[in-house]
Amino acid sequence: MSISLTFPDGAKRDYEDGVTPLAVADGISKSLAKKVVAAKLDGQWWDLTRPIAQNAKFELVMRDSADGLEVLRHDAAHVLAQAVQELFPGTQVTIGPVVEDGFYYDFAREEAFSTDDFERIEKRMREIVDADLPIAREVWDRDEAIAHFNGIGETFKAQIIDDIIPPGEAITVYRQGTDWKDLCRGPHLPSTGRLGKAFKLMKLAGAYWRGDSNNQQLQRIYGTAWADEKQLEEYLKRLEEAEKRDHRKLGRQMDLFHMQEEGRGMVFWHEKGLTLWRTIEAYMRRRLEAAGYVEVRTPQVLDRVFWEKSGHWENYRANMFVCETVEGEELSLKPMNCPGHVQIFKFGQKSYRDLPLRMAEFGACHRYEPSGALHGLMRVRAFTQDDAHIFCREDQIEDEVARFITLANSVHEDFGLTRDHIALGTRPEQRAGADDFWDKTEAQLLNAARKAGVEPVIAEGDGAFYAPKLDFQLKDAIGRIWTCGTIQNDYVLPERLGAEYVGEDGQKHRPVMLHRAILGSLERFIGVIIENYAGSFPLWLAPVQIIVATITQDADDYARDVAKTFKAAGLRVELDLRNEKVGYKVREHSLAKIPLIAVVGRKEAEERKVALRRLGGEAQQALSLEGAAEALAVEALAPDLARAR
RNA sequence: GCCGCCAUAGCUCAGCUGGUAGAGCACCUGAUUUGUAAUCAGGGGGUCGGGGGUUCGAGUCCCUCUGGCGGCACCA
């Protein structure tokens with residue numbers, strides 16, 4: 001009997017029935033057999049040592065491919081689990097999946113692990129790799145498996161079989177060496193030696209069993225694993241690079257902002273940081289005005305009664321900062337701007353002619369976020385949204401959403417961020433409204449996105465409790481994904497707060513409300529762009545755009561002139577007249593990531609010129625003062641103004 | 001909020017097994033007037049996050065609180 005395997009390039013080859021992928025690889029070349037980690041049979045994972053008994057499409061998975069890395073990482077998780085169980089008897093294993101760049105394993109153990117244990121664990125892992133233990137796939141009877149795992153005290157594993165694996169699906173157990181085994185879907189390497197040693201334990205964390213904070217807390221050990229040492233090193237280097245971009249670090253170094261313990265999750269914006277803020281805000285105002293928005297401002301603190309009406313007291317109380325006055329009133333800082341905007345909408349009578357009404361606010365909101373959620377500028381308790389609500393008729397939704405997507409794309413691009421994808425967050429488990437309402441609203445967003453030429457990626461259950469949403473997932477300069485920008489179609493709040501307009505038919509109608517933000521919050525967005533640009537802002541955003549640095553005091557008067565000229569041209573300029581060498585000044589301002597340095601000495605003073613040096617470059621340009629001011633003023637224009645020119 | 005780790009000068013960090021603190025940068029003063037990534041010399045600066053305990057003696061060990069970091073949970 002022979003079987004026929006079809007390779008990815010279309011070639012067909014015949015093999016003996018029961019041939020293993022490893023034997024197939026070996027038959028092709030020895031070096032290939034060394035690098036292969038698993039196979040795919042008709043697209044299904046297949047262990048290298050598992051006999052093949054049917055004709056199939058066949059694919060070998062190499063260790064340095066994306067699929068191959070997944071296999072390696074999964075094996076690394078198992079090796080970790082075995083090492084931990086050997087070193088710390090009594091520890092139960094739970095789950096150990098592959099994640100981006102690595103893997104983790106969750107353990108249940110009375111005593112806490114410490115990162116000090118990592119060295120020992122890694123050492124044991126290496127021993128397991130050196131021992132080259134065979135890994136064998138076994139198919140078990142469901143009840144026997146449950147009984148077995150319960151019998152050896154691995155109750156979590158038993159629970160997985162009982163609760164998670166659908167009846168009828170094969171229960172596979174992988175045996176690693178003689179005694180150690182783990183319930184696993186596979187595939188796995190033929191033996192532990194093939195894993196190699198390009199792995200490293202990274203961090204220790206708490207995690208809840210099955211992701212539910214009501215469940216037992218487990219101890220999670222994260223690790224990373226790669227095809228070879230070189231890849232591992234590259235990965236570690238990448239982490240270092242990301243660390244250098246950390247907005248918290250750069251924020252301090254560049255004197256942009258700070259935070260302190262008396263105001264957790266609150267930002268003290270320093271002069272330079274606020275300059276950045278105001279530049280972005282001014283830009284957004286122009287973009288919004290051009291897109292037909294009006295700007296409003298609503299109160300910071302409102303009575304409890306108001307929040308009861310809006311539904312926030314019921315649904316959002318835990319996140320609200322509530323205070324009581326001496327007269328006994330209960331007030332809350334606004335956690336959102338939407339109810340306030342509805343009040344403005346309701347003021348006076350609105351007609352269908354007023355729609356769509358696009359109402360924007362740089363709205364300062366306060367939300368009590370759980371302490372563990374706080375993270376620099378990315379997650380704060382006081383923040384300013386570039387918020388707007390579009391009041392419109394149902395038949396205007398698609399058009400408005402499409403217009404919004406176009407606007408948001410353009411804004412994001414202006415900040416050097418490219419869109420990775422748009423996510424459509426669909427109905428969450430806990431939600432308001434009937435299913436047909438969700439069918440309708442989800443379809444609206446989907447169609448609107450398509451109308452704008454975008455195919456959203458569905459994020460199941462990720463919607464708000466009152467409406468589905470589109471979230472913009474942006475990629476930064478080093479490929480990290482950030483969520484900035486969202487739009488939601490809300491039928492609930494206009495209803496609750498009684499917003500209405502007079503239609504063409506003279507009757508009162510309920511408008512739909514589109515909640516939308518392009519940046520999200522100014523705080524978070526500034527955090528994102530600090531990391532995106534690694535602090536080296538493009539000229540239009542740089543808090544200080546140009547430094548005028550003197551060589552000797554002879555040039556002081558001229559330098560003041562130069563600074564004045566640049567300032568008059570609209571540039572943000574600082575003067576450095578210190579009695580220091582130019583090399584010192586250049587170094588210092590370069591480290592501070594100032595985009596331009598205009599060096600002036602006696603020669604420049606005499607010729608009324610500047611020697612211009614750009615950040616990152618070594619060349620200098622000798623330019624006339626007036627010419628430089630004019631050219632730089634144009635160069636420093638915000639992207640929208642540059643386009644309009 | 002939960003789990004783990006961490007907290008020493010403005011910043012980055014050193015301080016072995018307990019014997020009352022140190023470096024570099026920054027800052028201040030003086031000298032130097034300098035041509036594109038660090039001029040030299042001197043000086044000031046820390047109740048070692050707060051509180052409690054063990055000890056003859058605590059930056060160091062223990063407890064506790066506060067905050068930070070990494071995850072988890074949360075994220076309109």
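Every heavy atom of this structure was used, including side-chain atoms; hydrogens, water molecules and symmetry mates were not. Keep in mind it's a predicted model, so treat the numbers as computed, not measured.
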Taking atom [atom1] in both [N] and [M], compute the distance separating them and give it to the nearest angstrom.
{"N": "B:rG49", "M": "B:rC40", "atom1": "C1'", "value": "38 Å"}
{"N": "B:rG19", "M": "B:rC13", "atom1": "P", "value": "24 Å"}
{"N": "B:rG1", "M": "B:rC65", "atom1": "P", "value": "11 Å"}
{"N": "B:rA37", "M": "B:rU29", "atom1": "C1'", "value": "26 Å"}
{"N": "B:rG22", "M": "B:rG30", "atom1": "C1'", "value": "26 Å"}
{"N": "B:rU36", "M": "B:rA26", "atom1": "C1'", "value": "23 Å"}
{"N": "B:rU54", "M": "B:rC62", "atom1": "P", "value": "15 Å"}
{"N": "B:rG45", "M": "B:rA9", "atom1": "P", "value": "15 Å"}

Do the charged groups of [X] and [Y] touch, with an N to O distance under 4.0 Å?
{"X": "A:E635", "Y": "A:R614", "result": "yes"}
{"X": "A:D387", "Y": "A:R516", "result": "no"}
{"X": "A:R304", "Y": "A:E308", "result": "yes"}
{"X": "A:D471", "Y": "A:K469", "result": "yes"}
{"X": "A:E400", "Y": "A:R358", "result": "yes"}
{"X": "A:D101", "Y": "A:R238", "result": "yes"}

Checking [X] now: which residues fulfil side chain to side chain donor-acceptor pair (under 3.5 Å) with it, not counting sequence neighbours?
{"X": "A:R480", "answer": "A:D476, A:E531"}
{"X": "A:K123", "answer": "none"}
{"X": "A:D117", "answer": "none"}
{"X": "A:R252", "answer": "none"}

Side chain of A:L204 - closest among B:rC74, B:rG4, B:rG71: B:rG4

statement: Per atom distances to the A:S114 side chain, the nearest of B:rU66, B:rA73, B:rC5 is B:rC5

Distance check needed: [N] [atom2] versus [X] [atom1], whole Å only.
{"X": "A:L374", "N": "B:rG1", "atom1": "CG", "atom2": "P", "answer": "9 Å"}
{"X": "A:Y104", "N": "B:rG70", "atom1": "OH", "atom2": "P", "answer": "19 Å"}
{"X": "A:E262", "N": "B:rC65", "atom1": "CD", "atom2": "P", "answer": "19 Å"}
{"X": "A:M378", "N": "B:rG68", "atom1": "CE", "atom2": "P", "answer": "16 Å"}
{"X": "A:L239", "N": "B:rG70", "atom1": "CG", "atom2": "P", "answer": "12 Å"}
{"X": "A:L218", "N": "B:rA73", "atom1": "CG", "atom2": "P", "answer": "11 Å"}
{"X": "A:E261", "N": "B:rG68", "atom1": "CD", "atom2": "P", "answer": "7 Å"}
{"X": "A:R220", "N": "B:rC3", "atom1": "CZ", "atom2": "P", "answer": "16 Å"}

Per the atom types in the model, does the base of [N] pair as donor or acceptor with the side chain of [X] at under 3.5 Å?
{"X": "A:R379", "N": "B:rC74", "result": "yes"}
{"X": "A:Q553", "N": "B:rU33", "result": "yes"}
{"X": "A:Y208", "N": "B:rG1", "result": "yes"}

message: Under a 3.5 Å cutoff, is there a donor and acceptor pairing between the side chains of A:R210 and A:Y208?
response: no

Modelled atom types, side-chain donor and acceptor of A:Q473 and A:D420, under 3.5 Å: no

query: According to a 3.5 Å limit on both distances, what stems of 3 or more consecutive Watson-Crick or G-U pairs are formed with RNA chain B?
result: B:1-7 with B:66-72, B:10-13 with B:22-25, B:27-31 with B:39-43, B:49-53 with B:61-65

Distance-only criterion, 3.5 Å: show the donor-acceptor pairs between side-chain atoms of residues 312-320 of chain A and protein atoms not counting sequence neighbours.
from, atom 1, to, atom 2, distance (Å)
A:H312, ND1, A:S310, OG, 2.7
A:N315, ND2, A:G311, O, 3.2

message: Holding to ring-ring contact (aromatic ring centres under 6.0 Å, His included), I want the full list of residues that pass it with A:F118, two or more places apart in sequence or in another chain.
response: none

- prompt: Can you name the ring-ring contact (aromatic ring centres under 6.0 Å, His included) partners of A:H421, sequence neighbours left out?
  reply: none

Contact class for [X] (heavy atom, under 4.0 Å): base, sugar-phosphate, or nothing?
{"X": "A:A207", "answer": "sugar-phosphate"}
{"X": "A:Y222", "answer": "sugar-phosphate"}
{"X": "A:Q216", "answer": "nothing"}
{"X": "A:T552", "answer": "base"}

- prompt: What is the per-nucleotide protein-contact pattern of nucleotides 35-48 of chain B, from the 5' end, where B denotes a base atom under 4.0 Å from a protein heavy atom, S denotes such proximity for sugar-phosphate atoms only, and - denotes neither?
  reply: BBBBB---------

- prompt: Any side-chain N or O of A:H375 less than 4.0 Å from the OP1 or OP2 oxygen of B:rG68?
  reply: no

query: What residues in residues 243-255 of chain A put a non-hydrogen atom under 4.0 Å from any atom of RNA chain B?
result: A:R248, A:R252

message: Give the residues of residues 300-315 of chain A touching RNA chain B, defined as any heavy atom closer than 4.0 Å, sorted by residue number.
response: none

field: Residue closer to the 5' end of RNA chain B, A:G372 versus A:G376 (nearest nucleotide)
entry: A:G372

query: Which residue pairs pass the salt bridge (charged side-chain N to carboxylate O under 4.0 Å, His left out) test when at least one of the two sits in residues 586-598 of chain A, sequence neighbours left out?
result: A:R578-A:E588

